[in-house]
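One structure is given below, encoded as structure tokens.
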Amino acid sequence: MSTDNIIVGLDIGTTKTCAVIGEYNENNELEITGVGISLSQGLRRGVVINIEATLRAVVEAIEAAEMMSGKEVQGVFTGIAGGHIDGINSRGVVAVTGKGREITKEDIERVIDAAKAIVIPMDREVFHVIPQEFIVDEQGGIKNPLDMIGIRLEAEVHIITGSVTSAQNLVKCVNRAGFRVNDIVLESLAASMAVLSRDEMELGVLLIDLGGGTTDVLVHLDGAPYHTNVISIGGGQVTSDLSILLKTPISSAEKIKREAGCCYLPLVDKEEEVIIPGVGGWPSASIPRVELCKIIESRMAEMYRMVRDQIEKKGYLNHLGGGVVLTGGGALLKGAAELAREIFGVPARVGYPKKLGGLVEEYRNPVFATGVGLVLYGAEGFESESLEIGTGKYKRGGVLDKLKEWMKEFF
Ligand SMILES: Nc1ncnc2c1ncn2[C@@H]1O[C@H](COP(=O)(O)OP(=O)(O)OP(=O)(O)O)[C@@H](O)[C@H]1O
Ligand SMILES: [Mg+2]
């Protein structure tokens with residue numbers, strides 16, 4: 001099997017692990033040629049807690065994707081999430097030193113380094129430093145200051161940090177499974193690349209990745225991230241509520257949720273009944289679908305309100321001209337967008353991964369948003385070395401420098 005020219009995204013989620021293979025075709029267009037999925041069992045709330053189980057899921061997902069594309073995977077772009085993730089905004093200033101006061105690439109690097117020079121606890125690592133805007137001699141709103149003339153250069157950046165040990169455990173799983181980690185990428189940043197349009201990011205948009213174990217929040221304003229948060233509760237909680245209240249095993253609660261669940265009551269027919277299968281010899285029972293949906297609605301509304309409260313506190317709620325975009329498996333729950341529209345008071349839609357060539361039917365599902373986004377993130381690094389606002393490219397050489405030390409142990 002050949003290994004050339006492929007970009008692989010590996011999304012190790014709480015409920016599933018998926019590998020997505022991107023390849024350039026003869027017209028130099030990126031296509032998705034392999035998608036592999038396996039059941040995750042080694043994570044809790046987005047964080048690896050069992051290396052063996054996680055590495056098995058990684059091998060299984062990658063092998064399935066390899067089989068589909070006929071390519072051999074070596075390096076992967078791996079996603080990271082979990083309650084340990086935090087995002088902060090920071091600012092740096094430098095004097096322009098280039099000839100004729102022309103701003104050079106080095107000046108831009110220096111100002112970003114200056115913005116990055118904040119105190120980060122020893123147990124945390126910087127995953128991304130993303131420029132929001134540059135200010136040249138008091139003139140703000142500049143996306144790319146290269147070659148402009150000025151004396152004072154300022155940068156505003158969004159810095160995403162997380163736990164060092166969580167990242168180490170992820171890398172360890174992937175390495176032990178026999179693959180190299182090209183980069184570690186915040187899952188919601190990857191998902192943003194797959195499901196958001198440039199216009200939405202410019203207008204202001206709230207991305208919510210409704211996963212099984214975590215709900216990832218990312219606010220983009222003026223084309224760059226301003227707020228990042230991971231809430232350690234997800235769709236698994238909805239299933240577990242149903243399991244407890246309907247006295248049915250998790251697997252049956254999950255099936256009922258997917259088939260008959262809805263989190264927006266106006267969409268539910270009052271007359272409908274749902275069959276709850278009996279356990280341990282008990283006969284099955286029938287309950288009104290409205291009752292089932294009330295349980296789901298109350299948990300979903302609580303999760304949305306948690307997100308709304310944090311966005312409101314930061315003052316971003318009134319800047320969402322692009323509305324709310326929901327992705328991840330939880331976005332497939334019926335009524336998810338309708339309830340979001342009601343709670344956030346702005347338009348809401350479900351985010352499907354953008355159309356790339358290849359296996360369109362396989363990956364055009366919110367469940368694959370992060371996996372496809374990881375491929376797009378990787379492709380961006382391949383395609384251009386130029387400066388771009390709104391992507392995490394400035395971190396290159398950051399977190400990976402440290403990771404290389406650990407990787408040496410394996411390669
Ligand atoms: N058709 C559906 N209707 C309702 N919920 C669904 C549907 N399909 C998947 N889900 C829910 O989506 C969740 C899994 O989503 P996803 O695959 O995005 O999570 P993950 O990436 O494994 O987890 P995380 O990102 O939290 O680590 C589960 O809670 C599952 O119940
Ligand atoms: Mg996920």
Side-chain angles (χ1 to χ4, degrees), residues 9-20 35-50 53-54 57-58 60-61 78-85 162 166 169-170 173 185-192 194-195 207-218 229-243 249-264 267 292-293 295-297 299-300 303 307 325-339 350-353 363 365-374:
L10 178 65
D11 171 19
I12 308 177
T14 308
T15 49
K16 57 99 215 328
T17 293
C18 83
V20 179
V35 178
I37 190 160
S38 63
L39 221 58
S40 294
Q41 261 151 2
L43 282 90
R44 211 178 123 76
R45 306 206 181 284
V47 172
V48 175
I49 54 157
N50 181 330
T54 307
V58 167
E60 210 182 303
T78 304
I80 192 163
H84 57 92
I85 296 288
S166 293
N169 282 325
L170 258 182
C173 289
V185 184
L186 179 71
E187 286 172 14
S188 52
L189 192 64
S192 294
V195 305
L207 177 90
I208 311 177
D209 180 347
L210 297 161
T214 64
T215 298
D216 305 5
V217 181
L218 188 55
N229 190 254
V230 177
I231 298 172
S232 295
I233 153 171
Q237 190 66 50
V238 177
T239 308
S240 118
D241 289 348
L242 289 178
S243 157
I250 288 283
S251 57
S252 135
E254 178 72 25
K255 192 161 177 274
I256 294 169
K257 177 178 88 170
R258 292 188 187 206
E259 285 170 7
C262 176
C263 64
Y264 189 65
L267 296 177
L292 166 83
C293 297
I295 303 172
I296 301 177
E297 192 230 44
R299 181 63 79 178
M300 288 298 289
M303 297 198 308
V307 177
V325 178
L326 307 167
T327 195
L332 290 170
L333 180 66
K334 286 170 211 77
E338 287 81 357
L339 183 67
V350 174
Y352 286 78
Y363 73 80
N365 181 324
V367 168
F368 295 124
T370 302
V372 172
L374 287 165

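Counting convention: from 1, in listed order, for ligands and their atoms alike.
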Original post:
Between Phe368 and Val35, is any pair of side-chain heavy atoms under 4.5 Å apart?
Top reply: yes

**OP:** May I ask you to check whether Gly212 has an N/O atom sitting below 3.5 Å from an N/O atom of ligand 1?
**Re:** yes

**OP:** Measure from atom 27 (O) of ligand 1 to every heavy atom in Leu333, Leu43, Val238, Thr14 and give the option owning the shortest one.
**Re:** Thr14

Original post:
Is any side-chain heavy atom of Val47 closer than 4.5 Å to a side-chain heavy atom of His84?
Top reply: yes

Original post:
So which heavy atom on Cys262 is nearest to which on Leu267, and how close?
Top reply: SG-CB, 4.0 Å

**OP:** Using a 4.0 Å heavy-atom threshold (strictly under), name the region of Lys334 that reaches ligand 1: side chain, backbone, both or neither.
**Re:** neither

**OP:** Starting from atom 17 (O) of ligand 1, find the nearest protein heavy-atom neighbour and note its residue, name and distance.
**Re:** Lys16 NZ, 2.9 Å

Original post:
In terms of atom number and element, which parts of ligand 1 are under 4.0 angstrom from non-hydrogen atoms of Gly328?
Top reply: 18 (O)

Original post:
Are the side chains of Ile256 and Ser252 in touch, meaning some heavy atoms are under 4.5 Å apart?
Top reply: yes

**OP:** Out of Gly235, Ser240, Cys262, indicate the one that has the non-hydrogen atom closest to atom 29 (O) of ligand 1.
**Re:** Gly235

Original post:
Which option out of Asp209, Leu332, Val47 puts a heavy atom nearest to atom 3 (N) of ligand 1?
Top reply: Leu332

Subject >> Side-chain touch Thr327/Leu207, heavy atoms, less than 4.5 angstrom >> reply: yes

**OP:** Kindly indicate whether the side chain of Asn50, heavy atoms from C-beta on, has any atom under 4.5 Å from the side chain of Gln41.
**Re:** no

**OP:** Mark up the atoms of ligand 1 that fall under 4.0 Å of a heavy atom belonging to Thr214, in ascending order.
**Re:** 24 (P), 25 (O), 26 (O)

Subject >> Side-chain heavy atoms of Asp11 within contact of Lys16, under 4.5 Å >> reply: yes

Subject >> Heavy atom of the protein closest to atom 22 (O) of ligand 1 (residue, atom name, distance) >> reply: Thr15 OG1, 2.6 Å

Original post:
Taking only heavy atoms of Gly236, which atoms of ligand 1 are found under 4.0 Å from at least one of them?
Top reply: 29 (O)

Original post:
Which residue owns the protein heavy atom closest to atom 5 (N) of ligand 1, what's the atom, and how far is it?
Top reply: Lys257 CE, 3.7 Å

Subject >> Non-hydrogen side-chain atoms of Ser240 and Ile250 separated by less than 4.5 Å >> reply: yes

Original post:
At a 4.0 Å cut-off, with the gap strictly under it, does some heavy atom of Gly330 reach an atom of ligand 1?
Top reply: yes

Subject >> Taking atom 10 (N) of ligand 1 as the reference point, the nearest protein heavy atom with its distance >> reply: Gly329 O, 3.3 Å

**OP:** Indicate yes or no: at least one non-hydrogen side-chain atom of Leu332 is less than 4.5 angstrom from one of Asn365.
**Re:** yes

Original post:
With only distance considered, is Gly213 within less than 3.5 Å of ligand 1 through an N or O on each side?
Top reply: yes

**OP:** For the pair Ser40 (side chain) and Gly13 (backbone), establish whether a donor and an acceptor sit closer than 3.5 Å, ignoring hydrogens and angles.
**Re:** yes

Original post:
Side chain, backbone, both or neither: which part of Glu254 has a heavy atom under 4.0 Å from ligand 1?
Top reply: side chain

